[in-house]
Amino acid sequence: MAEAKSKVGIIMGSQSDWSIMAHARDTLDKLGIANEVKIISAHRTPDRLSEYVSAAKGNGLQVIIAGAGMSAALPGAAAAMTALPVLGVPMEGKVMGGLDAILSMVQMPAGIPVGTLAVGRSGAVNAGLLAASILALGDDDVAAALDKFRADQTAAVVETPKDD
C-alpha cells in the first residue's frame with residue numbers, strides 16, 4: 001500500500017514465508033489499511049528485529065503481524081519488545097505441519113501476549129482482519145471498510161447449491 005504512514009507492520013522470518021504472509025498484506029490492502037512488509041528473523045537478524053520493533057510505535061505502527069515457522073520465535077520476541085498488539089501466524093512446517101509453530105506461539109509466558117491465529121493462509125487472512133478490527137476501534141474509515149467486507153462476504157454465500 002503506497003501511503004505515507006503504515007499502520008500495520010507485517011514481518012516474517014524468511015522469504016519462504018512470503019507466499020503465506022502476502023495474504024495478510026492483500027487483506028489489509030483490500031481494506032485500505034496502510035502497511036509495510038519486512039523479513040526479520042528472530043535468530044538470524046536479532047539486531048534488525050530489535051531496531052524495527054523498538055521504532056514501530058514511533059513510526060506510526062499500531063499492530064504487528066508476525067509470521068514464523070519451526071520454533072516460531074519471531075512473534076514472541078517482537079511481543080517482548082513492544083506493547084503494541086502482536087498477531088502471530090504459524091507457518092506450515094515439514095516436520096509437524098505447523099503444530100510446532102502454533103505451540104510455540106500459544107505457550108507465551110504471562111505478560112507477553114501473542115494473538116495466535118490459524119496455520120497458513122487462513123491465519124494470514126484472519127491476521128489482517130483482526131488487525132483491521134483493532135484499528136477500527138479508533139478509526140471510522142477502517143470500521144466502515146471492515147463492515148463492508150463482512151457484508152460482501154455474507155452476500156457472496158449462496159442459499160441453494162448449484163450443480164457443477
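- Ile33 and Asn35 get closest at one heavy-atom pair: O-ND2, 3.0 Å.
- Hydrophobic clustering, with ILVMFWY side chains joined whenever heavy atoms are under 4.5 angstrom apart, groups Val8 together with Met12.
- Hydrophobic side-chain contacts under 4.5 Å tie Ile102 into a cluster, directly or through other members, with Val106, Val119.
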Donor-acceptor pairs under 3.5 Å, side chain of residues 154-164 to any protein atom, not counting sequence neighbours: which ones?
residue: Thr154; atom: OG1; partner: Arg150; partner atom: O; Å: 3.0

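- The nearest pair of heavy atoms linking Ala66 to Pro75 is O-CG, 3.6 Å.
- Listed by chain and number, the residues in a salt bridge (charged side-chain N to carboxylate O under 4.0 Å, His left out) with Asp152 are Lys148 (sequence neighbours excluded).
- Nearest approach of Val53 to Ala78, heavy atoms of both residues: CG1-O, 3.6 Å.
- Qualifying salt bridge (charged side-chain N to carboxylate O under 4.0 Å, His left out) partners for Lys30, counting only residues two or more places apart in sequence or in other chains: none.
- The two residues Met105 and Ala72 have their closest heavy-atom pair at CE-CB, 3.8 Å.
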Expected list for residues 54-62: side-chain donor-acceptor pairs under 3.5 angstrom, two or more places apart:
residue: Ser54; atom: OG; partner: Ser50; partner atom: O; Å: 2.7
residue: Asn59; atom: ND2; partner: Ala55; partner atom: O; Å: 3.3

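- Heavy atoms of other residues, nucleotides or ligands lying less than 6.0 angstrom from CE of Met108 number more than 12.
- In the hydrophobic cluster analysis, where Ile, Leu, Val, Met, Phe, Trp and Tyr join through side-chain heavy atoms closer than 4.5 angstrom, Val125 is grouped apart from Ile11.
- The nearest pair of heavy atoms linking Ser133 to Leu146 is OG-CD2, 3.3 Å.
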Atom pairs and distances, donor-acceptor, side-chain atoms in residues 137-144, under 3.5 Å, two or more places apart:
residue: Asp139; atom: OD1; partner: Asp141; partner atom: N; Å: 2.9
residue: Asp139; atom: OD1; partner: Val142; partner atom: N; Å: 3.1
residue: Asp139; atom: OD2; partner: Lys7; partner atom: NZ; Å: 2.5

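- Smallest separation of non-hydrogen atoms from Leu49 and Ala77: CD2-CB, 3.6 Å.
- Once rounded to the nearest 0.5 Å, the distance linking CG of Asn126 with NE2 of His23 reads 12.0 Å.
- The cluster map of Ile, Leu, Val, Met, Phe, Trp and Tyr, joined by side-chain heavy atoms under 4.5 Å apart, puts Met21 and Ile40 in different clusters.
- Taken together through direct or relayed side-chain contacts under 4.5 Å among Ile, Leu, Val, Met, Phe, Trp and Tyr, Tyr52 and Val63 form parts of separate hydrophobic clusters.
- By the side-chain contact (heavy atoms from CB on, under 4.5 Å) test, Ala118 pairs with Ser122, sequence neighbours left out.
- Rounding to the nearest 0.5 Å gives a distance of 9.5 Å between OG1 of Thr45 and CD of Glu51.
- Residues that satisfy the side-chain contact (heavy atoms from CB on, under 4.5 Å) test with Ala145, not counting sequence neighbours, are Leu31.
- Met70 and Leu74 fall into different hydrophobic clusters, where Ile, Leu, Val, Met, Phe, Trp and Tyr are joined by side-chain heavy atoms under 4.5 Å apart, directly or via other members.
- Atom-to-atom distance recorded for Thr116:OG1 and Leu103:CG is 10.0 Å, nearest 0.5 angstrom.
- In this view, Ala24 and Ile10, Ile65, Ala124 satisfy the side-chain contact (heavy atoms from CB on, under 4.5 Å) rule, not counting sequence neighbours.
- Shown here are the salt bridge (charged side-chain N to carboxylate O under 4.0 Å, His left out) partners of Asp26, two or more places apart in sequence or in another chain: there are none.
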Donor-acceptor contacts, no H, no angles, side chain residues 80-100, under 3.5 Å, sequence neighbours left out:
residue: Thr82; atom: OG1; partner: Leu84; partner atom: N; Å: 3.1

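- For Gln15, the side-chain contact (heavy atoms from CB on, under 4.5 Å) criterion is met by Trp18, Ile39, not counting sequence neighbours.
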